[in-house]
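A quick note: this is a predicted structure, and the numbers were derived from the prediction, not measured. Below, read A as the first sequence line, B as the second, and so on, with proteins coming before strands; counting in each chain starts at 1.
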Amino acid sequence: MTTDDSTDASDDAPTTSTPADAADEQFRPADRYEVDHLVPEAKAASDGARVRMAGRVMLFRKMGGIAFGQLQDRSGERIQFSLRKNELGADVFKAWAASIAMGDFVGIDGAMWTTDKGEHTVGVDALTVLNKAVRPMPDKWAGVHDTDLRYRKRYLDLLANDDSRARFLTRSRTISHIRRYLDDLDFVEVETPILQAAAAGAAAKPFSTHHNALDRDFYLRISPETYLKRAVAGGLDRVYEIGRNFRNEGIDSSHLQEFTMLEWYAAYWDYRDNMRVVRELIQSTLEAVTGSRTVTIDGVDLDFDGDWPELDFRTEVAERTGIDLRALREVDALRDAVKAAGLLSDDEAASQVSYAGLVDLLYKRTVRPHLIQPCFIVHQPTELVPLARRNDDDPSVLDMFQVVVNTWEIVKAYSELVDPVDQRARLEEQVALRAQGDEDTMMLEEDFLECMEHGMPPMSGLGLGIDRFVALLTGAPTLRDVVLFPTLREAPGS
RNA sequence: GCCCUCGUAGCCAAGCGGUCAAGGCAGCGGACUUUUAAUCCGAAGAUCGUGGGUUCGAAUCCCACCGGGGGCACCA
């Protein structure tokens, strides 16, 4: 609607679709708006260049015959725009200046010019108010600090706090980089069921729900593992999935009940292959997203460069506690030893009915809190994961590793158990433990066992907690800061 | 579930037993043609999270509840 030669037509009334009396009449939102410049592009354009842009008004100030505002678009950057009385005419200037407020969405069309103070500015000669904000913006200087508000009304947090916006962009870039990396390794991205008849693939308490048409209860998946293995059995040798898992457990800074997990499975790989690939993936992602292989959190530099130390699970436990898991292979004996050493309280020790649970708790309590720099912790006792392959030289441990950084476990991976006889036996142990009251056991899926009986290639799988990884990359102290809309209690009054 | 802590207008925020609960931003009215959190003038906006209690008197002290944060417990 605006042409180049209308720019200097200071005495003509500019063409416009602006509702001049927005305050009086009922405002009706506009429809689409054609844009040809983003903020950084407009900033780079020379004086006199025509630009057509749309975005949110982040600042607006009027002073008699000129008004300045700042427009922010999806680039996240802001550009100044101006309305000038001597170019627009008194009536149009007055009407337009009155029709804009902070928080509104506007389309602007005009020519670039530079103010006396040297700021590159869009001299608006056609203004379209695209939509009004009825509620006020957060304080333009103080922003939004209340954490409750930041989580519940994330859109305000995103508008007011640049670091919040940056964090979610980092999250997005991280995930795209991971996709590209795996695609280049010839992986296929797949999607597997979230509604599952048996919550399998991990030791965790599931959410349950009900399917009306089938009149059948389902669990929300706690892990995609057994479905991804079915896909590999079907000939999709390298598969990955990035998706949500659900675990009906407590919330804290490193746990969410709904979290995003990357899982992949590669036929003919073992856990050693995965150690190499995941280290390279993490290093490459760090470089792509942050430009460095070092991350600083709470003043501590975490150095991801080079090889990472490899720590033996049982050796670490022994060094920290004096307890020899190689000798103590049975739950009651271990519990007595732990209690005797004063490592866990009676309640804590009693809370774990299984050997796996007790070993895991012991490790989390005594070893993991000391693991700050990126490291692999390898060869967990066999009982810990019923889906993992035993080590050939020492069947009491698994061909397994975890990556721990800053006391957070961000990766767990192992060579997969593909022997249907061993698998059935180990899942039956889980069923027995559940019968003894251990809720955190794996459910037995007959269909999965049947799949394995049809034959599965040797493979190794890996899980990486995306939320934790992104929190690490962005220095966020809690997972809630890297999830746009975290689950919270019901807001008061609702 | 337990412990600690916080909750004052749309936002930021002072007040921590004593007159009508500061101030700023945003919004509203006005002035101003080069601002950069523009400035100036004016008017307005608050069940002080909710409900009880103590006190002559409560935003301020106590109890309960709701919500946030941190810690513990549970748990990837």
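Here the CZ atom belonging to A:R28 is positioned 11.5 Å from the CG atom belonging to A:N131, to the nearest 0.5 angstrom. Annotation: the span from A:Y227 atom OH to A:Q196 atom CD amounts to 5.0 Å, rounded to 0.5 Å.
For the C1' atoms, the distance linking B:rG18 with B:rU55 amounts to 12 Å, nearest Å. B:rC66 and B:rC28: their C1' atoms are spaced 34 Å apart (whole Å). Comparing B:rC4 with B:rA14, their P atoms are spaced 24 Å from each other, to the whole Å. Taking atom C1' on both B:rA37 and B:rG71, the two are 38 Å apart, rounded to the nearest angstrom. One C1' atom belongs to B:rA38, the other to B:rA26, and the distance between them is 15 Å to the nearest Å. For the P atoms, the distance linking B:rA31 with B:rG68 amounts to 47 Å, nearest Å. Nucleotides B:rU8 and B:rC16, compared at atom C1', are 12 Å apart to the nearest Å. The separation of B:rG69 from B:rU33, taken at their P atoms, amounts to 50 Å, rounded to a whole angstrom.
B:rC74 atom P lies 18 Å from atom CZ of A:R247, rounded to whole Å. Per the geometry, CG belonging to A:L256 stands 16 Å off C1' belonging to B:rC74, to the nearest Å. A straight line from CD1 of A:I100 to P of B:rC28 spans 13 Å, rounded to a whole angstrom. Note: CZ (A:F68) to C1' (B:rA37) measures 15 Å, nearest angstrom. Distance CZ (A:F93) to P (B:rA31): 12 Å, rounded to an integer number of Å. Computed from coordinates, the A:H255 NE2 to B:rA73 C1' distance equals 12 Å when rounded to whole Å. Atom CG in A:L88 sits roughly 16 Å away from atom P in B:rU34 (whole-Å rounding). As rounded to whole Å, 10 Å separates atom P of B:rU33 from atom CD1 of A:I66.
Taking only side-chain atoms of A:N86, from C-beta outward, the nucleotide of B:rU36, B:rA38, B:rU33 with the closest atom is B:rU33. Which of B:rC74, B:rU34, B:rG70 sits closest to the side chain of A:R365 comes down to B:rC74. Nearest to the side chain of A:P136, among B:rC74, B:rG10, B:rU34, sits B:rG10. Minimum atom distance to the side chain of A:L361 is reached by B:rC74, of the listed B:rA38, B:rC74, B:rU33. Taking every side-chain heavy atom of A:K85 into account, B:rU33 is the closest of B:rU33, B:rG27, B:rG69. For A:K62, the listed nucleotide lying nearest its side chain is B:rC32; candidates were B:rC32, B:rA38, B:rG27. Of the candidates B:rG70, B:rU34, B:rC74, B:rG70 carries the atom nearest the A:R480 side chain, counting heavy atoms from C-beta on.
At least one side-chain heavy atom of A:V403 sits less than 4.5 Å from a side-chain heavy atom of A:W308. Side chains of A:D332 and A:Y355 form no contact here, defined as non-hydrogen atoms less than 4.5 Å apart. Between A:L472 and A:F304, some side-chain heavy-atom pair lies under the 4.5 Å cut-off. Residues A:I297 and A:N406 form a side-chain contact, since some pair of their non-hydrogen atoms from C-beta on lies under 4.5 Å apart. At a threshold of 4.5 Å between non-hydrogen side-chain atoms, the residues A:F401 and A:N274 count as touching.
A salt bridge does not link A:R434 with A:E429: none of the charged nitrogens is closer than 4.0 Å to a carboxylate oxygen.
A cation-pi contact links A:R84 to A:W113, judged by a cut-off of 6.0 Å to the six-membered ring centre and 45° from its axis.
Ranked by how close their nearest RNA chain B nucleotide is to the 5' end, A:P477 and A:A204 are led by A:P477. Comparing A:K205 and A:S253 along RNA chain B, the residue whose closest nucleotide (by nearest heavy atom) sits nearer the 5' end is A:S253.
Listed by residue number, there are no residues of residues 313-321 of chain A with a heavy-atom contact under 4.0 Å to RNA chain B.
Remark: B:rG57 base-pairs with no nucleotide; criterion is Watson-Crick or G-U wobble with both hydrogen-bond distances under 3.5 Å. Across the strands present, B:rC72 finds its partner in B:rG1; the criterion is a Watson-Crick or G-U wobble pair with both atom distances under 3.5 angstrom. When both pairing distances are held under 3.5 Å, B:rG7 makes a Watson-Crick or G-U pair with B:rC66. Of the nucleotides present, none pairs with B:rA13 by Watson-Crick or G-U wobble criteria with both distances under 3.5 Å.
Using a 4.0 Å heavy-atom cutoff across all strands shown, A:R61 reaches at least one base atom of the nucleic acid. Residue-level contact check: A:Q257 touches neither bases nor backbone, having no heavy atom under 4.0 Å from any strand. Within the nucleic acid shown, A:L156 has no heavy atom closer than 4.0 Å to any nucleic acid atom.
Dense packing is recorded around CD of A:Q373, with more than 12 heavy atoms of other residues, nucleotides or ligands lying under 6.0 Å away.
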